[in-house]
Amino acid sequence: MKKRKKNDIRPGNLKTNDLRRNRLSFRIALITIVSAVFSIVAVTLVYGSMKNLIRDYNDIVDVELVNAEYMDDVMVGVYEHQAIIFHHMAEVSPSKKRDLLAQADEVESQLKTTMKLFEGNVRGSEYEVGYHDLFSLMSSYMHNVKNVVDLSKRGEMQSAYYTMHTSLEPIVTKMNDQIDKMDKAISKDTKELTQEMKRSSDFMRLVTRILIVLMVLASFFTVSYCLRISEEMISRDLLTGVSNFDKLIRVGEKMKNRKKNRLTDYSGLAISIKDFKFINQEYGSVVGDVVLKGYATILGSYLRHNEIIARNGGDNFIALIEKDHVDEFLRKINKVPVDVGEKLGLTLTSRCGIYQINDEDSIYDVINAGLIAVGETRLSGAKDYVWFRQERRDEMIRQKDILNGYHKAIDEEEFVVYYQPKVNLKTRTLCGCEALVRWIRNGEMVPPGSFIPVLENDGKVQELDFYVFDKVCRDIGDWQRRGIQPVRVSSNFSKLHLHNKGFVDDVLSVVDKHGADPYYLEAELTESSGYEDLDAMKYFVSEMREAGIHTSMDDFGTGYSSLSLLRDIDMDVIKLDRTFLRDENDAKEEKMVENIVKMIHDLDRKVICEGVETEEQVEFLKRVGCTMAQGFLFDRPLSREEFEKRLINPYYS
């Protein structure tokens, strides 16, 4: 029998090698499959745990935030209700007392609705007992309110005040304490939930480390997935899923800190949904949240891979878009379709402020500039897309300075009333005047054109109008008492007053306060006031006429419906805008103005022209039949002392 050589390969050896190779392959395959399955299961478990934790966290936080919101609404409503009841007790006018009771009923109805919603939200929770304690206090409060109102109606004011101080106020205090107690409980639960979330996160990190030791490849995927989820939690807006503000700051600073400043390759965009508040009002906040999510998702789909969009609260977003992509991006967000449900689809339009980033800009500069620009889109007549202008930032600083200094100016009477005379062109005598406000700030006069529009936009001009009117009534009353013959003084009132149902009463109360003769008063409104609320303007004019106060229409001829306003509103005086004096030598211009003046006279109204500066303009006005004027030709606005001298000597040479 021959010996087998070492390198002799026989069929038996081949089978043995194949078997060993197959067993090894099987083991490797088995280990690979087990490892893969183990990794998949582990990753699935980690993902599922985190997803459930985030879902539970969101659910609990949503419920607790709603509870906190309901509690805030309850206390605000109670304080408002208590204030109305107090005013009702102090009020002497029966009609106003009835109005106040109606307001109180409305607030009470809102409180009941809020409490009903609150009850449904806490039912079955640990806060239900606290709710019932609050409900009991609310019932006690309403019972005592009824007693106070009944005492007030019977005229037992001392008992009513006593009941309010001894019963109502302690109940309100207890309600406040109860809400504070519940609020602390909510905060405690949230803290415990955060700690539980931290413990769960620690456990998941431990599982991840174990996976790394057991299976490098599986662990790699697991760690990557966990890190991605952690990044989502830290850097994503919980409602919309886009990046949050902190992530935007980090990305912007990272771009800025590189050796090559990549931030300058981008433009900063501040974006908001146009008229989003009406969606919340019409469909509710739940639908509003769905709209926000859909809107953010679609905007995110328009981004390139190296661009970013972040939510800045509410319906506001900040984006860094590459400069060559801005125009295309703006076209896409012009109309954004969002499906809310099977029966509701909305097409949203966007406001956008755009800023071209420079080398010296930080990410904070970019955001501020974008917000300033998007704020400009909300101005009347502005476009939906506005590029940032440095002068706009300067203008905002100036406006803020005016608004910050306004209350001090009112308190310290920095606002001074000047009177610009009106002249009868036939007799060259003083026949009236217009009250104008001037701001003497730090010894210098602030031009009206620089602060009046700011106060108009902010609504503070309404208070300033009554400040001026109060001074006018005071001066007229003073002149009458001193035997100086006044002339009719016109006071300007913003169109914003027409939204105030108590406008007429407020005017008459000032007149009564100073005992001024209504004959010498004239309320002046601009022509544009009639376009916004014709019925309110007609009512105001009618009530002023009933009280013996004249009314006038300023800036006549600057609008689009001047003739219809002449027909619809029975004002005493029509003031022609200075644009009618553009060319007193133009025959067509003269014929047009002549017919307008004749029409105003035929309607039994007086007519006056402002802005008269030359004798040629005076002769023009005489030819067209306008016999009253005001302007620098006769007098600039005069201080009270200077105008008083003009009252004593009313003749112009």
Side-chain angles (χ1 to χ4, degrees), residues 76 80 83-84 87 91 93 95-96 98-107 110 274-278 280-282 375 377-382 399 402-403 406-407 410 415 435 437 448 451-470 472-473 490-513 521-547 549-556 558-562 564-566 568-572 575:
V76 170
E80 181 181 356
I84 293 172
H87 289 160
E91 182 59 58
S93 168
S95 62
K96 290 185 177 181
R98 285 193 298 272
D99 291 342
L100 288 168
L101 280 180
Q103 293 178 26
D105 290 341
E106 184 177 346
V107 173
Q110 293 173 353
K274 194 173 182 181
D275 299 327
F276 179 71
K277 64 179 181 181
F278 296 113
N280 273 333
Q281 292 173 359
E282 181 71 20
T377 66
R378 294 182 173 89
L379 300 178
S380 176
Q399 291 180 7
I402 287 173
L403 294 174
Y406 168 75
H407 289 295
I410 285 287
F415 291 110
V437 65
F451 69 86
I452 292 293
V454 177
L455 299 179
E456 179 90 24
N457 288 334
D458 193 68
K460 289 184 172 63
V461 74
Q462 297 178 76
E463 180 184 2
L464 183 60
D465 287 345
F466 273 100
Y467 174 94
V468 173
F469 187 61
D470 184 87
V472 168
C473 292
S490 62
S491 292
N492 292 283
F493 288 97
S494 166
K495 59 188 176 184
L496 299 176
H497 292 286
L498 295 177
H499 302 302
N500 174 19
K501 294 182 179 180
F503 183 27
V504 171
D505 293 335
D506 292 341
V507 170
L508 297 181
S509 67
V510 175
V511 177
D512 294 339
K513 171 185 172 183
L521 295 171
E522 183 177 299
E524 188 169 309
L525 291 156
T526 61
E527 177 187 335
S528 62
S529 303
Y531 306 146
E532 297 196 7
D533 197 336
L534 180 62
D535 291 336
M537 192 169 181
K538 289 169 67 175
Y539 173 76
F540 176 74
V541 170
S542 173
E543 291 298 307
M544 289 297 99
R545 173 161 294 185
E546 182 75 18
I549 298 174
H550 283 62
T551 54
S552 60
M553 181 187 294
D554 193 14
D555 296 337
F556 178 80
T558 60
Y560 298 101
S561 305
S562 302
S564 64
L565 288 177
L566 279 180
D568 296 332
I569 303 178
D570 194 17
M571 284 194 164
D572 300 289
K575 181 181 283 188

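When reading the values below, keep in mind they use all heavy atoms of this one structure, side chains included, and skip hydrogens, waters and symmetry mates.
- Here CZ of Phe469 is found 12.5 Å from CD of Glu524. Values are rounded to the nearest 0.5 Å.
- Side chain of Arg545 to backbone of Asp570: a donor-acceptor contact under 3.5 angstrom is found.
- Between Glu106 atom CD and Ile84 atom CD1 the span is 8.0 Å, to the nearest 0.5 Å.
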Go through the steps for Leu525 and Met537 under the test side chain to side chain contact (heavy atoms under 4.5 Å, CB included), then give the verdict. CA-CA 9 Å; Leu525 291 156; Met537 192 169 181; 4.0 Å; yes

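- Put simply, OH on Tyr539 and CE on Met544 are 8.5 Å apart, with the number rounded to the nearest 0.5 Å.
- Aromatic ring centroids of His497 and Phe540 lie 6.0 Å or more apart.
- At a cut-off of 3.5 Å, with distance as the only test, no side-chain donor of Asp465 or Asn492 sits close to an acceptor on the other residue.
- Taking CD1 from Ile452 and NZ from Lys460, the interatomic distance works out to 13.5 Å, rounded to the nearest 0.5 Å.
- Rounded to the nearest 0.5 angstrom, Ser490 OG and Asp554 CG are separated by 8.0 Å.
- Atom-to-atom distance recorded for Gln399:CD and Leu403:CG is 7.0 Å, nearest 0.5 angstrom.
- In this structure the side chain of Gln103 reaches within 4.5 angstrom of the side chain of Leu100, judged on heavy atoms.
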Go through the steps for Glu463 and Ile410 under the test side chain to side chain contact (heavy atoms under 4.5 Å, CB included), then give the verdict. CA-CA 9 Å; Glu463 180 184 2; Ile410 285 287; 4.0 Å; yes

Applying salt bridge (Lys or Arg N to Asp or Glu O under 4.0 Å), run through Asp470 and Lys513 and close with a yes or a no. CA-CA 9 Å; Asp470 184 87; Lys513 171 185 172 183; 3.0 Å; yes

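- Taking the charged nitrogens against the carboxylate oxygens, Asp568 and Lys538 have no contact shorter than 4.0 Å, which rules out a salt bridge.
- Summarising the geometry of Asp506 relative to Ser509, their closest heavy-atom pair is O-OG, 2.7 Å, with the distance given to 0.1 Å.
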Before you tell me yes or no, could you show the steps for Cys473 and Leu521 under side chain to side chain contact (heavy atoms under 4.5 Å, CB included), namely the whole-Å CA-CA distance, both residues' side-chain angles and the distance that decides it to 0.1 Å? CA-CA 8 Å; Cys473 292; Leu521 295 171; 4.0 Å; yes

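- With contacts defined as side-chain heavy-atom distances shorter than 4.5 Å, the pair Lys575/Met553 does not qualify.
- Side chains of Ser494 and Gln462: no donor on one and acceptor on the other come within 3.5 Å.
- Summarising the geometry of Pro453 relative to Pro448, their closest heavy-atom pair is CD-O, 3.8 Å, with the distance given to 0.1 Å.
- At least one side-chain heavy atom of Ile569 sits under 4.5 Å from a side-chain heavy atom of Leu534.
- Ring-plane geometry between Phe415 and Tyr406 is classed as tilted, the angle between the planes lying from 30 to 60 degrees on a 0 to 90 degree scale.
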Derivation and outcome, side chain to side chain contact (heavy atoms under 4.5 Å, CB included), residues Glu456 and Leu496: CA-CA 8 Å; Glu456 179 90 24; Leu496 299 176; 3.9 Å; yes

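- A donor-acceptor contact shorter than 3.5 Å links the side chain of Asp572 to the backbone of Thr551.
- No side-chain heavy atom of Leu508 sits less than 4.5 Å from a side-chain heavy atom of Glu543.
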